[in-house]
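See below for the structure under consideration.
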Amino acid sequence: MSNLELFDDEWARREQLAPGAMLLRGFALPHEVELLAALPELIARAPFRHMPTPGGRRMSVAMSNCGRYGWVSDRQGYRYASAAPLSGQPWPAMPAVFRRLAVAAAASAGFPGFEPDACLINRYLPGARMGLHQDKDERDLAAPIVSVSLGLPAVFLFGGLRRGDRPARILLEHGDALVWGGPARLCYHGVAPVKKGQHPRLGEQRINLTFRKAR
DNA sequence: GAGTCTCA
DNA sequence: GGGC
């Protein structure tokens, strides 16, 4: 059985948000149990942190990473690093189920051959948010971004290529995958403050996995 | 360098 | 939109 067959996308309801941007509703649900089972060990080895921004503030989202590279922020700036800043330890390896999910979602959205080398793990407790920004710290902008939502729902803000473009508001729920690349690769995006709630499996939190090709 | 930030 |  091939990797792609493991993530049979007959499941997903596709919604084209813009050229190059595809929402795959429920794409991760078939492997929900394995995805969630992998999380505790990853977080034990690379604990969530509220990283400081270069401007000296603190992000409301708590972050960890797995894979060869991890996205980090500090007073020096944003970058990808092969080790966790505080511990100096390499990031935990990207679980095979993570990689297969990301590769299959990318292929399903029209980006075959995606080779993620970084997975940012974001934890949103109620009230946490992510301001509008572009993902532009990656070396290869030909590779798409793959985002997988777990736990509490959140309103995703999907904007255009200019900061001033009014973003669309898209409700992302447990199991949804969102892929953007090509002409949408540098679209501004963010997450509105997460509302209080309880998810049956994850409790009072939203976990987002973002797969990138950093280098 | 920074607008993944908050306040006007 | 400004400041570390």
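Order of the sequence lines sets the chain letters (A, B, ...), proteins ahead of strands, with each chain counted from 1.
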For the residue pair [X] and [Y], establish whether any side-chain heavy-atom pair is separated by less than 4.5 Å.
X	Y	value
A:His174	A:Glu32	yes
A:Leu202	A:Leu152	no
A:Arg201	A:Val33	yes

_Residues A:Asp117 and A:Arg212 bridged, charged N to O under 4.0 Å_ = no
*Ionic contact status for A:Glu138 with A:Arg185, cut-off 4.0 Å*: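 Counted as a salt bridge, because a side-chain N and a carboxylate O are separated by less than 4.0 Å.
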Separation of atom [atom1] in [X] from atom [atom2] in [N], rounded to whole Å:
X	N	atom1	atom2	result
A:Arg162	C:dG1	CZ	C1'	18 Å
A:Arg129	B:dC5	CZ	C1'	9 Å
A:Leu132	B:dC7	CG	C1'	16 Å
A:Gln134	B:dC5	CD	P	15 Å
A:His133	B:dC5	NE2	C1'	12 Å
A:Met63	B:dC5	CE	P	7 Å
A:Arg79	B:dG1	CZ	P	13 Å
A:Arg58	B:dT6	CZ	P	10 Å

Please classify the nucleic acid contact of [X] as base, sugar-phosphate, or nothing, using heavy-atom distances under 4.0 Å.
X	answer
A:Asp74	nothing
A:Gly131	sugar-phosphate
A:Thr53	sugar-phosphate

*Both distances under 3.5 Å, Watson-Crick or G-U wobble: on that basis, could you give the dot-bracket string for DNA chain C, with [ ] for crossing pairs and | for other-strand partners?*
|...
*Check side chain to side chain contact (heavy atoms under 4.5 Å, CB included) between A:Pro153 and all other residues, then give those that pass, not counting sequence neighbours.*
A:Leu171, A:Glu173
_Closest-nucleotide ordering on DNA chain B, the 5'-leading residue of A:Val61 and A:Arg75_ =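 Going by which nucleotide is closer to the 5' end, it is A:Arg75.
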*For the side chain of A:Arg57, starting at C-beta, report the closest nucleotide among B:dA2, B:dT6, C:dC4.*
B:dT6
_Once you measure the plane-to-plane angle for A:Phe156 and A:Trp180, does it fall in the parallel (<30°), tilted (30-60°) or perpendicular (>60°) bin?_
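Geometry flag for A:Trp180 against A:Phe156: tilted rings.
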